[in-house]
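Scroll down for the structure; my scribbles are underneath it.
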Amino acid sequence: MKVLVFFVAIILAAWQCHGRDHGATYQIFPLRMKSGSGGHYIPEITCTSWRLGVEAHNVIDWKTVPLDCEGYIGNYILGDQYRSDSKTVCREAYLYAKTLNITANYIWVFDIDETTLSNLPYYADHGFGVEPYNATAFNEWVDLGEAPALPESLKLYKKLVSLGIKIVFLTGRPLDQKAVTATNLKLAGYHAWEKLICKDTSIYSGSTAVTYKSAERKKLEESGYKIIGNIGDQWSDILGNNTGDRTFKLPDPLYYIS
């Protein structure tokens, strides 16, 4: 019989220490890693190895987080490691940006969900990716306009703006969520941008995120912009055409978008 041991849950007071920056307080479960002596194993693969496969784009086209990994993924997202991983990515992005001689047509493309805004409050109530995607429930959450900023991404945004780099938000959210998204971005601390591009489903219905975002980035460059940086949580944010001079992948083991 498989036994998943949960120690006494600790209430977190801050995202720096595990979560307040995301606008809510959650419990964290200090699980031991599911590998090594005494660890709890799932068939064929450990949760840490599964997450590595996801981030390295070796595990693709998955629909949900493995059921046995719900506690592990929740622990990762709510704990220090997720923040540290995000900080490492954003730090490298800024160090790169500082080397550039910025001109007026330089832009940096940001994805939104799990890149600039965090949907952690939603996923904490929906199994940390274990539950199948429910478009109705997720859209109801988006329409509240309450998604908090991802702290390291917000820091990067502010630093890039201070360097004179224009920001473009390119999201898979549909056009009918553009207004609430703009309001949410401002409330979360993203006060200015060059463009906010949402998906026109009359044009891109049935298209993959790679196809849609490639086409929109091409339009940006054809209009005279130069994409010097591109950051997202999904590989589909940074693959395809016109991806920019450098791309940066933030961690996200909660869901997969092709």
Side-chain angles (χ1 to χ4, degrees), residues 12 14-24 26 28-31 33-35 45-66 69-96 108-124 126-130 133 147-157 159-160 169-172 188 209-210 213 229-239 243-244 246-258:
L12 303 177
W15 181 279
Q16 273 98 359
C17 294
H18 315 289
R20 183 183 298 160
D21 288 342
H22 284 255
Y26 302 103
I28 205 170
F29 303 98
L31 303 174
M33 287 292 189
K34 294 188 177 184
S35 60
I45 190 170
T46 67
C47 295
T48 48
S49 296
W50 179 83
R51 183 172 65 83
L52 175 63
V54 165
E55 299 300 353
H57 207 220
N58 293 320
V59 178
I60 63 172
D61 296 327
W62 49 281
K63 303 301 181 184
T64 61
V65 170
C69 294
E70 177 180 357
Y72 170 77
I73 295 300
N75 187 63
Y76 169 72
I77 291 292
L78 293 173
D80 286 329
Q81 193 61 54
Y82 177 53
R83 178 70 179 266
S84 178
D85 292 346
S86 299
K87 184 175 184 177
T88 298
V89 175
C90 291
R91 178 179 180 274
E92 291 302 313
Y94 177 58
L95 290 176
Y96 155 68
W108 195 291
V109 175
F110 278 77
D111 172 54
I112 289 183
D113 293 300
E114 273 56 67
T115 298
T116 54
L117 298 178
S118 171
N119 296 302
L120 174 59
Y122 173 83
Y123 282 101
H126 291 82
F128 293 106
V130 167
Y133 175 69
L150 280 156
E152 298 302 330
S153 296
L154 181 57
K155 288 180 183 178
L156 174 63
Y157 160 86
K159 289 176 179 178
L160 295 179
F169 293 114
L170 175 56
T171 177
V210 171
K213 292 197 170 186
N230 179 10
I231 188 168
D233 66 295
Q234 298 289 316
W235 281 94
S236 53
D237 296 327
I238 59 176
L239 293 177
T243 55
R246 276 201 67 177
T247 60
F248 297 88
K249 169 69 171 66
L250 287 164
D252 183 3
L254 293 170
Y255 55 85
Y256 179 87
I257 298 176
S258 61

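Since the model is a prediction, treat every value here as computed from it, not as a measurement.
Side-chain contact check for Phe169 versus Thr116: some heavy-atom pair is nearer than 4.5 Å. Contact of the Ser258 side chain with the Ile60 side chain is not registered, since no non-hydrogen atoms from C-beta on lie closer than 4.5 Å. A heavy-atom distance below 4.5 Å is found between the side chains of Ile238 and Lys249. With a 4.5 Å cut-off on side-chain heavy atoms, Pro251 and Val54 do not count as touching. Counting heavy atoms from C-beta outward, His57 and Tyr256 have side chains that approach closer than 4.5 Å. At a threshold of 4.5 Å between non-hydrogen side-chain atoms, the residues Asp237 and Lys213 count as touching. Contact check for Leu120 versus Leu78: side-chain heavy atoms found under the 4.5 Å cut-off.
Pairing each heavy atom of Ser118 with each of Ala147, the nearest pair is O-CB, 3.5 Å. Nearest approach of Ala188 to Leu154, heavy atoms of both residues: O-CD2, 3.6 Å. Between Tyr96 and Arg246, the closest heavy-atom pair is CD1-CD, 3.5 Å. Contact record, Asp111 with Asp113: OD2-O, 3.0 Å, taken as the closest heavy-atom pair. Residue Val65 comes nearest to Leu254 through the heavy atom pair CG2-O, 4.0 Å, listed as atom of the first residue, atom of the second, then distance. Between Glu70 and Val130, the shortest heavy-atom contact is CB-CG2, 3.4 Å.
Taking CD from Glu55 and CG from Leu250, the interatomic distance works out to 9.0 Å, rounded to the nearest 0.5 Å. Lys159 NZ to Arg91 CZ: the interatomic distance, rounded to the nearest 0.5 Å, is 9.0 Å. Distance check: Ser86 OG to Asp252 CG gives 9.5 Å after rounding to the nearest 0.5 Å. The line from OG of Ser153 to CD1 of Ile231 is 5.5 Å long, rounded to the nearest 0.5 Å. Note: Trp108 CH2 to Asn230 CG = 9.0 Å, rounded to the nearest 0.5 Å. Interatomic distance, CD1 of Ile112 versus CG of Leu150, reported as 11.5 Å (0.5 Å rounding).
Between the side chain of Trp235 and the main chain of Ile257, no donor-acceptor pair closer than 3.5 Å is present. Proximity of a side-chain donor or acceptor of Gln234 to a complementary backbone N or O of Tyr255 within less than 3.5 Å is detected. Judged purely by atom type and a 3.5 angstrom limit, Glu152 has no side-chain atom pairing as donor or acceptor with the backbone of Arg83.
A side-chain donor-acceptor contact under 3.5 Å links Thr115 and Asp233.
Exactly one residue among Tyr123, Tyr82, Trp50 makes a ring-ring contact (aromatic ring centres under 6.0 Å, His included) with Tyr76. That residue is Tyr82.
Within the cation-pi definition used here (under 6.0 Å to the ring centroid, within 45° of the axis), Arg51 does not qualify as a partner of Tyr72.
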Intermediate values then yes/no, side chain to side chain contact (heavy atoms under 4.5 Å, CB included), Phe248 and Leu156: CA-CA 12 Å; Phe248 297 88; Leu156 174 63; over 6 Å; no
